[in-house]
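This report concerns only the one structure given below.
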Amino acid sequence: MKRKEADPVELAARIRNGERTALARGITLVESSRADHQAQAQALLSELLPDTGKAIRVGLSGAPGVGKSTFTEAFGTFLTARGHKVAVLAIDPSSARSGGSILGDKTRMEQLARDPNAFIRPSPAGRTLGGVARRTREAMLLVEAAGFDVVLIETVGVGQSETSVADMVDMFLLLLSPGGGDELQGIKRGIMELADLIVVNKADGDLIPAAKRAAMEYRGALHLMRPKNPYWTPDVKLVSALKGEGLEAVWAAVEAHKAALEAGGEIERVRAHQARAWMWTEIREGLFAALKSHEEAAHLIPLLEAEVESGLTTPTTAARRLLRLVLGPESA
């Protein structure tokens, strides 16, 4: 990284001016694991913090094959055509073996990637659970400071575990395929309870009757659940991302949700919850990093792993022994 681009004050000014190269450099900086880069990243975020918080933050989740990237491109294009500036933070799955990631979202969203009012940034999930990358929150603040008024976070799409995105967005959209019946039985209650809006995609052609049946069943299931917010009742919308149909109804729901939260004074509470969840994520990650970097613990960990694998000790006993070593005898 060039020295002048690593200077937090200058880089912040360029990001505020909407320079894409500076924005990309800033996100690369916050995603870096190097200690010196992290120090610069925190200085950069402190500079830009007053310029953040004005965008609508929308999370998109759903199982593989539901058409998340197709929907994201269609929805993003719909929004830019109406004068919005849209940033897409797309999380790609990482290999558990190599740690590699394909990062192919720009190739899957060719039209949106060429749009001057859109910015697409794919990031690897790494070892972070919940369908998002560890530094997704920081990247979100940077694109907001750059003037993007709608931020779409497209999660990995591994199924039911990606609920972390709900702790960093204002509205959580769950994308589902036509099917109902067995499909409905396969959806975990937890992720449906987090959804502010369910979008049944691929509602076109021969799938229209199935999509309508699925929407009716999903709507019935939502009525059996307690809404997570007293000011908003989740609904179901039919969409054909391929044909660009139903997108206006989805955006109307997003705007109605934002208005409902603002009218009830909930948007401040939601943003405060996001900040608190971010803090505890950093605490957990920091404690784990400290554990791994502890010199005595580094020697003890492989021994404990061998004892657990051979059945000589229980995982709980091994964990407590390690915690006592690092944090003291009163820790476990």
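- Of the inter-residue distances, the one linking Leu176 atom CG with Glu217 atom CD reads 11.5 Å to the nearest 0.5 angstrom.
- Atom CD1 of Ile120 is separated from atom CZ of Arg114 by 10.0 Å, given to the nearest 0.5 angstrom.
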### Message
Between Arg16 and Glu47, does the salt bridge (charged side-chain N to carboxylate O under 4.0 Å, His left out) criterion hold? Intermediate values first, please.
### Response
CA-CA 10 Å; Arg16 284 192 204 96; Glu47 274 295 317; 3.7 Å; yes
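- In this structure, Ser32 contributes its side chain and Leu29 its backbone to no donor-acceptor pair below 3.5 Å.
- Between Glu268 and Arg271 there is no salt bridge, since no side-chain nitrogen of the basic residue lies less than 4.0 Å from a carboxylate oxygen of the acidic one.
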### Query
Can Asp7 and Gln40 be said to form a side chain to side chain contact (heavy atoms under 4.5 Å, CB included), step by step?
CA-CA 7 Å; Asp7 178 69; Gln40 293 168 4; over 6 Å; no
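- Counting only distance, with no hydrogens or angles, the side chain of Arg14 and the backbone of Glu19 share no donor-acceptor pair below 3.5 Å.
- Phe119 has its side chain within reach of Ile27: a pair of non-hydrogen atoms, C-beta onward, lies under 4.5 Å apart.
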Mind listing the side-chain donor-acceptor pairs of residues 139-151 below 3.5 Å, one per line with the distance, residues two or more places apart or on another chain?
unit_1: Glu144; atom_1: OE1; unit_2: Gly53; atom_2: N; d: 2.7
unit_1: Glu144; atom_1: OE1; unit_2: Arg57; atom_2: NH2; d: 3.1
unit_1: Glu144; atom_1: OE2; unit_2: Arg57; atom_2: NE; d: 2.6
unit_1: Glu144; atom_1: OE2; unit_2: Arg57; atom_2: NH2; d: 3.3
unit_1: Asp149; atom_1: OD1; unit_2: Lys85; atom_2: N; d: 2.7
unit_1: Asp149; atom_1: OD2; unit_2: His84; atom_2: ND1; d: 2.7

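- Nearest heavy atoms, Thr70 versus Leu242: CG2-N, 4.2 Å.
- Arg121 and Thr28 are linked by a side-chain donor-acceptor pair at a separation below 3.5 angstrom, with hydrogens and angles left out of the test.
- In the displayed structure, Glu248 atom CD is contacted under 6.0 Å by at most 12 heavy atoms of other residues, nucleotides or ligands.
- The minimum heavy-atom distance linking Leu44 with Pro8 is given by the pair CD1-O, 3.6 Å.
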### Step-by-step side chain to side chain contact (heavy atoms under 4.5 Å, CB included) determination, Ile267 to Lys258
CA-CA 8 Å; Ile267 192 69; Lys258 180 176 183 289; 5.6 Å; no
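- By the side-chain contact (heavy atoms from CB on, under 4.5 Å) test, Glu255 is found to be paired with Trp251, residues two or more places apart in sequence or in another chain being considered.
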Side-chain atoms of residues 293-307: list all donor-acceptor pairs with protein atoms under 3.5 Å, sequence neighbours left out, distances to 0.1 Å.
unit_1: Ser293; atom_1: OG; unit_2: Ala289; atom_2: O; d: 3.1
unit_1: Ser293; atom_1: OG; unit_2: Ala290; atom_2: O; d: 3.2
unit_1: His294; atom_1: ND1; unit_2: Glu296; atom_2: N; d: 3.3
unit_1: His294; atom_1: ND1; unit_2: Ala297; atom_2: N; d: 3.1

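- The side-chain contact (heavy atoms from CB on, under 4.5 Å) search around Gln42 returns Gln38, Leu45, Glu138, not counting sequence neighbours.
- When hydrophobic clusters are built by joining Ile, Leu, Val, Met, Phe, Trp and Tyr residues whose side-chain heavy atoms come closer than 4.5 Å, directly or via intermediates, Leu261 is not grouped with Val254.
- Ile15 has its side chain out of reach of Arg25: every pair of non-hydrogen atoms, C-beta onward, lies at least 4.5 Å apart.
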### Query
Given the rule in the side chain to side chain contact (heavy atoms under 4.5 Å, CB included) test, do Asn229 and Arg269 qualify, once you have shown the distances and angles that lead to the verdict?
CA-CA 11 Å; Asn229 192 293; Arg269 186 193 65 80; 3.8 Å; yes
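- When Arg137, Arg135, Arg276 are each tested for a salt bridge (charged side-chain N to carboxylate O under 4.0 Å, His left out) with Glu282, only one passes: Arg135.
- Minimum heavy-atom separation, Asn117 to Asp115: N-OD1, 2.9 Å.
- Here the shortest heavy-atom pairing between Lys68 and Ser61 reads CD-C, 3.7 Å.
- Looking at every heavy atom in both residues, Ala22 comes nearest to Leu11 through O-CD1, 3.7 Å.
- The closest donor-acceptor contact from the side chain of Arg82 to the backbone of Phe78 lies under 3.5 Å.
- Side-chain atoms of Glu73 come within 3.5 Å of backbone atoms of Leu112 as a donor-acceptor pair (strictly under, hydrogens ignored).
- Judged by distance alone, with hydrogens and angles left aside, the side-chain atoms of Thr80 form a donor-acceptor pair with the main-chain N or O of Thr77 at under 3.5 Å.
- Within the model, atoms CE of Met171 and CG of Leu152 stand 12.0 Å from one another, a figure rounded to the nearest 0.5 Å.
- Note: Thr72 OG1 to Met109 CE = 4.5 Å, rounded to the nearest 0.5 Å.
- Under a cut-off of 6.0 angstrom, the local environment of NZ in Lys54 is crowded, with over 12 non-hydrogen atoms contributed by other residues, nucleotides or ligands.
- Pairs passing the ring-ring contact (aromatic ring centres under 6.0 Å, His included) check and including a residue from residues 220-241, sequence neighbours excluded, read Trp232-His257.
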For residues 194-206, run the donor-acceptor check on the side chains, cut-off 3.5 Å, and write out each pair with its distance to 0.1 Å, sequence neighbours left out.
unit_1: Asp196; atom_1: OD2; unit_2: Phe172; atom_2: N; d: 2.8
unit_1: Asp196; atom_1: OD2; unit_2: Lys228; atom_2: NZ; d: 3.2
unit_1: Asn201; atom_1: OD1; unit_2: Ala241; atom_2: N; d: 3.1
unit_1: Asn201; atom_1: ND2; unit_2: Val66; atom_2: O; d: 3.1
unit_1: Lys202; atom_1: NZ; unit_2: Gly65; atom_2: O; d: 2.4
unit_1: Asp204; atom_1: OD2; unit_2: Ser240; atom_2: OG; d: 2.6

### Query
Can Leu173 and Leu60 be said to form a side chain to side chain contact (heavy atoms under 4.5 Å, CB included), step by step?
CA-CA 5 Å; Leu173 270 60; Leu60 306 171; 3.7 Å; yes
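- Looking at heavy atoms from C-beta onward, Leu247 lies in side-chain contact with Phe71 at the 4.5 angstrom threshold.
- No chain of hydrophobic side-chain contacts below 4.5 Å, direct or via other Ile, Leu, Val, Met, Phe, Trp or Tyr residues, connects Leu207 to Met216.
- Between Leu175 and Gly67, the closest heavy-atom pair is CD2-O, 4.2 Å.
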